[in-house]
Amino acid sequence: MNIEELREYCLSLKGATEDMPFEDEYLMFRVFGKWFAVIPLNDPELKVFVKCDPAKAVDLRERYASVKAAWHFNKKYWNSIDLNHDMNDETVKYWIRHSVEEVIKKLSKKTQSEYLGQLTP
């Protein structure tokens with residue numbers, strides 16, 4: 001996966017927006033204003049930071065060499081995934097979707113309902 005494919009996938013998720021609040025260092029993806037994926041642009045290695053259930057975050061770090069605790073983020077919840085290594089693209093996409101789910105479940109019930117309403121055609 002390259003950066004454009006990663007960006008397009010993140011933006012394909014319901015309610016996703018992107019911005020660069022820290023100038024040109026990070027590309028942030030949000031749902032309802034909350035981060036679900038971050039791409040560091042100044043890193044020579046393509047990676048994405050994703051939010052994760054705390055128990056699953058540790059398991060992923062143990063299972064994949066490409067997964068580490070995300071630098072400068074709450075390491076209890078955030079993982080850094082190096083792309084194009086031992087985790088295939090479909091699995092990376094799964095964990096990006098998981099990140100959106102983790103963000104949504106922390107929102108108010110009203111906002112969760114609003115988001116879920118967006119999912120139905």
Side-chain angles (χ1 to χ4, degrees):
M1 182 179 320
N2 64 41
I3 192 166
E4 279 304 313
E5 292 167 330
L6 178 59
R7 179 181 172 268
E8 287 173 16
Y9 181 73
C10 288
L11 288 174
S12 75
L13 300 172
K14 292 289 184 186
T17 60
E18 69 178 341
D19 63 80
M20 296 177 74
F22 305 111
E23 298 182 14
D24 61 351
E25 290 187 41
Y26 298 95
L27 181 57
M28 317 294 265
F29 296 92
R30 303 172 191 249
V31 174
F32 286 101
K34 305 291 184 185
W35 302 347
F36 70 87
V38 178
I39 302 172
L41 299 175
N42 292 335
D43 197 305
E45 184 81 34
L46 178 59
K47 60 183 63 174
V48 62
F49 302 156
V50 293
K51 192 169 189 179
C52 196
D53 174 272
K56 293 178 182 178
V58 172
D59 180 56
L60 279 176
R61 293 175 205 156
E62 292 172 354
R63 197 168 358 146
Y64 294 97
S66 60
V67 180
K68 299 168 192 69
W71 186 257
H72 293 305
F73 287 78
N74 184 330
K75 288 152 185 54
K76 179 178 177 181
Y77 298 101
W78 286 87
N79 276 337
S80 172
I81 303 172
D82 293 337
L83 276 68
N84 307 313
H85 288 282
D86 62 339
M87 184 183 284
N88 68 44
D89 291 354
E90 289 309 309
T91 305
V92 171
K93 290 176 182 179
Y94 171 86
W95 290 109
I96 292 170
R97 290 189 306 272
H98 172 78
S99 185
V100 171
E101 292 167 4
E102 288 298 299
V103 168
I104 296 301
K105 78 180 190 181
K106 300 285 185 186
L107 299 174
S108 71
K109 295 292 182 197
K110 179 181 177 188
T111 305
Q112 288 178 34
S113 295
E114 182 181 336
Y115 183 78
L116 294 172
Q118 287 181 8
L119 294 176
T120 53

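Keep in mind that what you see is a predicted model, and the values were worked out from it rather than measured. Below, each value reflects all heavy atoms present in this structure, side chains not excepted, and no hydrogens, waters or symmetry copies.
Using a 4.0 Å cut-off between a side-chain N of Lys or Arg and a carboxylate O of Asp or Glu, E18 and R7 qualify as a salt bridge. Here D82 pairs with K68 in a salt bridge; the nearest charged N to carboxylate O distance falls below 4.0 Å.
Within the 4.5 Å cutoff, no side-chain heavy atoms of E25 are placed close to those of M20. Counting heavy atoms from C-beta on, the side chains of D53 and Y77 never come closer than 4.5 Å. At least one side-chain heavy atom of K51 sits less than 4.5 Å from a side-chain heavy atom of K106. Residues W95 and C52 meet the side-chain proximity criterion, which asks for heavy atoms closer than 4.5 Å. Side chains of L6 and V48 form a contact here, defined as non-hydrogen atoms less than 4.5 Å apart. Considering only heavy atoms from C-beta on, F29 comes within 4.5 Å of L11 through its side chain. Using a 4.5 Å cut-off on side-chain heavy atoms (C-beta onward), P40 and F49 make contact. Using a 4.5 Å heavy-atom threshold, the side chains of Y26 and L41 count as separate.
I96 and I3 fall within the same hydrophobic cluster, where Ile, Leu, Val, Met, Phe, Trp and Tyr residues are linked whenever their side-chain heavy atoms come under 4.5 Å apart, directly or through other members. If you chain together hydrophobic residues whose side chains sit under 4.5 Å apart, V103 and V38 never meet in one group. When the side chains of ILVMFWY residues are joined at heavy-atom separations under 4.5 Å, either directly or via intervening members, I104 and Y9 end up in a single hydrophobic cluster. Under a hydrophobic clustering in which Ile, Leu, Val, Met, Phe, Trp and Tyr are joined whenever their side-chain heavy atoms come within less than 4.5 Å, directly or via other members, F36 and I39 fall into the same cluster. Cluster membership check: V92 does not share its hydrophobic cluster with M28, using side-chain heavy-atom separations under 4.5 Å among Ile, Leu, Val, Met, Phe, Trp and Tyr.
Checking side-chain atoms of N79 against main-chain N and O of V50 turns up no donor-acceptor pair under 3.5 Å. With hydrogens and angles disregarded, no donor-acceptor distance shorter than 3.5 Å links the side chain of D86 to the backbone of Y64. With hydrogens and angles ignored, the 3.5 Å screen pairs no side-chain donor or acceptor of D19 with any backbone N or O of L27.
Between A70 and K75, the closest heavy-atom pair is O-NZ, 3.2 Å. Closest of all the heavy-atom pairs between E45 and D43 is N-OD1, 2.9 Å. For the pair C10 and A37, the tightest heavy-atom approach, listed with the atom from each and the gap, is SG-CB, 4.1 Å.
For E4, the CD atom sits in a packed shell: over 12 heavy atoms of surrounding residues, nucleotides or ligands are nearer than 6.0 Å.
In this structure, OG in S66 is found 12.5 Å from CZ in R61, a value given to the nearest 0.5 Å. Distance CD/E23 to CG/N42: 10.5 Å, rounded to 0.5 Å. Put simply, CD on E90 and NZ on K93 are 4.5 Å apart, with the number rounded to the nearest 0.5 Å. Taking CE of M87 as the reference point, atom CD1 of I81 lies at 4.5 Å (rounded to 0.5 Å). A distance of 9.0 Å separates CZ of R97 from OG of S12, quoted to the nearest 0.5 Å. Here the CD-NZ distance, from E102 to K34, works out to 14.5 Å after rounding to the nearest 0.5 Å.
Note: F73 and W78 have tilted aromatic rings, judged against thresholds of 30 and 60 degrees for the angle between ring planes.
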